[in-house]
Colleague: 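Following this message is one structure expressed as structure tokens.
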Amino acid sequence: MSDQNTEALEPITGIEVPVYLDYNFTAGRATARFLTGVKNGKLLGQRCPSCRNVYIPPRGCCAACGVATEEEVELSNKATVESFTIVHIPIPGNPIKPPYVIANLVPDGANISFLHVLSECKNEDVRIGMRVEALWKDASEWDYAMENIQYFRPIDEPDMEVEEIGRLKDA
Amino acid sequence: MRDIAIVSFVQSDCVRDAGAQNEVELIMPVLRKALDAAGIQSAQDVDFTCSGSCDYLQGAAFAFVSGVDPLGAVPPIKESHVEMDAAWALYEAVLKITMGQAESALVYGFGKSSPGELPIVLSQQLDPYYMAPLWLDSISTAALQARTMLDNGDITEKDMAEVVARSRKNAKSNPHAQLKGDVSVDELLAEPTYLSPLRKHDCCPVSDGACAMVVATVEKAKEWGKPYAVLKGIDHRIESHNFGARDLTQSPSTQAAAKSAGVANGPVEVAEIYAPFSHQEIILKRALGLGDDTVVNPSGGVLAGNLMMASGLSRIGEVAMRIIRGDIKRGIAHATSGHALQQNLVAVLEEA
Amino acid sequence: MADLAAVVGIGQTKYQTKRKDVSIAGLVREAAFNALTDAGLTWDDIDAVVVGKAPDMFEGGIMPELYLTDALGCNGKPMLRVHTAGSVGGSTAIVAASYVQSGMFKRVLTVTYEKQSESNAMWALSNAQPFSPHLNAGAGGFFAPIIREYMRRTNAPYDVGIKVATKDRLHGARNPLAHLQLPNITLKEVEDSPMLWEPLRFLESCPSSDGACALVISNEELAAQSPKKPAWIRGAAMRSEPTMYAGREQVNPQAGIDCAKDVYKQAGITDPRKDLDCAEIYVPFSWYEPMWLENLGFADVGQGWKLTMEGATSLDEKGDIPWNCSGGVLSSNPIGASGMIRFAEAARQVRGDAGDHQVDGAKLAMGHAYGGGAQFFAMWVVGSEKA
Amino acid sequence: MSASAEVLSQAFTLGYTYTRSTGPVVGRFLTALRDRKIVGIKGSDGKVIVPPMEWDPVTAEALSDFVDLPDTGVVKSWAWVKHPRGKHPLDKPFAWAQIQFDGADIPMIHCVDAGDESAMKAGMRVKVRWAEETIGSINDIACFDPA
């Protein structure tokens, strides 16, 4: 911008076009129920009436069976590492500093994993099958967001057999 | 193309705001009913599935991905998606069936337009350098088109009001319609203009919802033992994106598609026309070559409720269901996309 | 039965970080025009146009095919727009082929593109919606744990991905259209590149490119009049499964297995490693080569990495089944076009028109694309002969 | 209110400032706008198109024959916006119009600041009102004034 006059003589080859659209987003019923649970410090999954698998976060239906899920199941704060990655680049808008661990976590009682941050351990010690628990932020900070869980951290329990991760179902 | 049997069709109610129903929750009920009506269990029981939707309606990329969730696509299915009205998803299914790769197909469309300011959202369908930065909305381009027609003497404001009055009246028998009732032409003309020359009632409402259809080869439909309507012809054409280079008072793309689909090969008892603005129904009626003996938009058309990305397929479904119910023997349906009728599809349906 | 169809024209742009010299339509037009020229045709010879691209938000225009009508000579013709996430380039080619295979059209143009430099869509747009119950860690954050699970299952050595990344860039150096031109790349250079999503390093990930790819597909009669050798479409298949469901196998997705079986059956392939001469497979992250080698039946489950390490997929090492001779997605990635580039490069091989990355005497080749959470698959097999 | 009945709604903005490269034809037009000039292009049939199209809408031929034009023209069609939307170029009632520049054959769409609907009619003459600062954008034309 130092030399406006010189720049003004250059032909236009590129332009900046702001395209900002305003929406009023309403969460789906399943998501709203799940996030309302999270707001109250609870992880609520939904059980498929057909295959009996428990989904978290619930999406309103069991994608395998194509049927609506209604039955709510409160899940444990404990979970198992199904897999993970050590991330060396920052998440936009997230204060956590790299390198940090993002893990696929299966909460006890659920049959599917979700991604969350794993901390309070050396990154190189993280392994598939490791047992962890949710560390919730102070209740005063709870909102309709998974960030209510600050991160998951290891607990002193033996690793789960890989074949069992996400496979355990209640009768 | 070969004859295609339309076996079932279901659409949701047109509602102004579906609130806490997400796409999956909008799709699931209509899918269930369409599959039930065809006597089949899930997407596993058809050879091909195709959907139509638009990410920008509710402002999330990959909206169609969650659309797969209610299909029960385990084991995996043959599936595709068009970023268009689901009438074009049906077209893709017609290709697959005609080439012999599928004997049956599930087609669905869904749209949740309520979260955004739809006419402004649709302004971004326009040329990204010359028009989109002006936020030239979809009602305004239609209003320019209507003005040209009025100035030309092609139509009068009374003609436009008559289209609306008939839509509202016909919609009384359509349980899914959003706007319906008895209203006189004089009452409509007494309303103030909204985006002159258009009055608010000349414009379709914003609606949320979904629709689904099951189609098959005629042989397969017979095997299923369900009544069906026959899709005899379908074609679609697009026109220049430059409004100035088009004659906005005509729809040559509709005319060409109608000719190729075989509209004139028999009497047209019913025509369901996707005209989001009243004057466009008149343009389309002329382009389709329809006379006074054709009943236009007996459902009320999209002036009574417009499910973006599903309305085109709904037009075809409306005609199909009339044939299946035995009300008529032959009808046509039309779908449109883009501003001021840039792209058009025409389908011809007959009794089995 | 489906009518015979063949690729009679192929057009691509040069892939690069930013094509500053063209509009969006200019980019798309360039590939389409190159395809017409390759086929010895003009706009009037085209009966319909099929356009594909990934999310509209990448360039911020809604249903941009409406605006592209004039650039593609489509006024008065049928135009269809496909969007099936990352697999869209492949799906679009398959939909275009079905226009001809149905007997409803004689000759169609299909074009896919992405002008990724118009935005930084991956990050800028991904956090927009409120109430997302998911943590967003980017594409790498999604795929890296799946790769780690593959490594655990197979005990593959740590450097398989490094080998793939190096191999595909050496292939890319033979292809003047490839975005990354790294003729002197070494294994050490890849290994020393910054770690992004462990185990994925910077050089084990695809670039972000501007680019477009187009094909002209015609029926048997018109293919015979084509000035250059046609690539006959011997099989085409698509499969989808949901992103997430309980018990989903993510390392070796069923949709990929089923899709490959379908396309092999159509093409009469019983042993893909033996029967195919080469393959263009969607590998945006290095480790997806060994994973897809197994998923697509080129190797037994658990053995894919051995093919890679033996050099079986390398042109430079004279492997028996070269993969991604063009440099693959690891060398060029205009997302919406990437699948069609795979399909086009497979066709170039069987036309004997692949320049310095030609596999000698290639007669049968496969093009592959996948998208979403490795849940949407599109594949075709093309041959130098009709059957 | 029970937890399951809770409805979660929140406003959000989906957006990005896109960096568009223009190519030679669009770039030429936008450069002219920055210089407060209008340039059109000749179509395959010799008709002058404004803004210049990169390819002919009928023949699909690449176009390159530019024509300088005055910043005055005539309204071919118009629509009156009684209640401008937040993103519209003018924040008071205005007309969208198809405006054919003098010497052009194909009209373009922009807005006219006519004050009142009664001032609008097909055939009326208009003149570009340039933006205070021109940067190479379609918005360098702030609007058209009745002339």
Side-chain angles (χ1 to χ4, degrees), chain A residues 13-14 17-19 21 23 25-28 30-32 34-35 38 48 51-59 61-66 81-89 91-94 99 101-104 110-117 123 127-128 144-147 162 166-167 169, chain C residues 18-23 56-57 59-62 117-120 122-138 140-153 194-202 205 240-248 250-251 254 375:
Chain A
T13 57
V17 181
V19 181
L21 290 162
Y23 294 87
F25 180 78
T26 303
T31 300
F34 173 70
L35 291 177
V38 172
C48 172
C51 68
R52 307 296 294 162
N53 283 305
V54 174
Y55 281 85
I56 177 170
R59 292 151 68 92
C61 83
C62 169
C65 303
V81 175
E82 185 183 53
S83 192
F84 65 98
T85 177
I86 302 166
V87 185
H88 293 256
I89 48 177
I91 304 179
N94 193 310
V101 177
I102 295 278
N104 303 73
N111 302 102
I112 197 157
S113 65
F114 60 83
L115 288 176
H116 214 294
V117 178
N123 290 347
R127 61 205 175 269
I128 293 170
Y144 299 97
M146 275 303 267
E147 284 76 19
V162 173
R167 308 281 173 184
K169 280 193 231 183
Chain C
K18 185 169 176 63
R19 276 295 302 269
K20 293 181 181 172
D21 59 323
V22 288
S23 63
D56 290 355
M57 285 155 202
E59 292 88 359
I62 301 177
S117 67
E118 304 258 318
S119 73
N120 179 11
M122 291 314 229
W123 289 119
L125 303 172
S126 52
N127 282 333
Q129 264 195 340
F131 303 122
S132 170
H134 296 281
L135 188 83
N136 179 19
F142 183 86
F143 289 112
I146 299 171
I147 291 167
R148 182 175 300 275
E149 171 63 10
Y150 173 78
M151 296 168 79
R152 187 198 64 80
R153 287 186 197 178
M195 192 63 86
L196 300 183
W197 303 279
E198 206 168 319
L200 284 172
R201 294 167 179 80
F202 176 71
S205 308
S240 306
E241 66 182 39
T243 321
M244 283 180 256
Y245 61 90
R248 177 167 184 236
Q250 290 188 288
V251 173
Q254 191 64 39
Q375 62 186 118

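In what follows, chains are A, B, ... by sequence order, proteins preceding strands, each numbered from 1.
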Colleague: Please classify the contact of C:Ser23 with chain A as side chain, backbone, both or neither, using a heavy-atom distance under 4.5 Å.
Modeller: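 Contact with chain A is absent: no heavy atom of C:Ser23 under 4.5 Å.
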
Colleague: Chain C heavy atoms under 4.5 Å from A:Val162: which part of the residue, side chain, backbone, both or neither?
Modeller: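 Side chain only.
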
Colleague: Relative to chain C, which of A:Thr26, A:Thr13, A:Leu35, A:Val19 shows the most heavy atom pairs under 4.5 Å?
Modeller: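 The answer is A:Leu35.
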
Colleague: Quick one: does A:Asn53's side chain get under 4.5 Å of A:Ile112's, heavy atoms only?
Modeller: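 Side chain of A:Asn53 against side chain of A:Ile112, heavy atoms only: no contact under 4.5 Å found.
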
Colleague: Given that the side chain runs from C-beta out, which part of A:Ala145 has a heavy atom under 4.5 Å from chain C: side chain, backbone, both or neither?
Modeller: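 Neither part.
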
Colleague: How long is the straight-line distance from CZ of C:Arg248 back to OG of A:Ser113, given to the nearest 0.5 Å?
Modeller: 11.0 Å

Colleague: A:Val87 versus chain C, heavy atoms under 4.5 Å apart: side chain, backbone, both or neither?
Modeller: both

Colleague: Could you walk me through whether A:Phe84 and A:Ile128 satisfy the side-chain contact (heavy atoms from CB on, under 4.5 Å) test, starting with their C-alpha distance in whole Å, then the side-chain angles of each, then the deciding distance to 0.1 Å, before giving a yes or no?
Modeller: CA-CA 7 Å; A:Phe84 65 98; A:Ile128 293 170; 4.3 Å; yes

Colleague: Sort A:Phe34 into side chain, backbone, both or neither according to what part of it lies under 4.5 angstrom from a heavy atom of chain C.
Modeller: side chain

Colleague: If you count heavy-atom pairs under 4.5 Å between each of A:Phe114, A:Tyr144, A:Phe25 and chain C, which one has the most?
Modeller: A:Phe25

Colleague: So for A:Ile86, is it side chain, backbone, both, or neither that comes closer than 4.5 Å to the heavy atoms of chain C?
Modeller: both

Colleague: Can you tell me how far CD of A:Glu82 sits from CD1 of C:Ile146, rounded to the nearest 0.5 angstrom?
Modeller: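 Reported value, rounded in 0.5 Å steps: 9.0 Å.
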
Colleague: C:Gln375 and C:Thr243: side-chain donor and acceptor closer than 3.5 Å?
Modeller: yes

Colleague: Using heavy-atom distances under 4.5 Å, tell me whether A:Tyr55 contacts chain C through its side chain, its backbone, both, or neither.
Modeller: side chain

Colleague: We want to know whether A:Thr85 and C:Glu198 form a side-chain donor-acceptor pair, criterion being a heavy-atom distance below 3.5 angstrom.
Modeller: no

Colleague: Look at atom CZ of C:Arg153 and say whether more than 12 heavy atoms of other residues, nucleotides or ligands are closer to it than 6.0 Å.
Modeller: yes

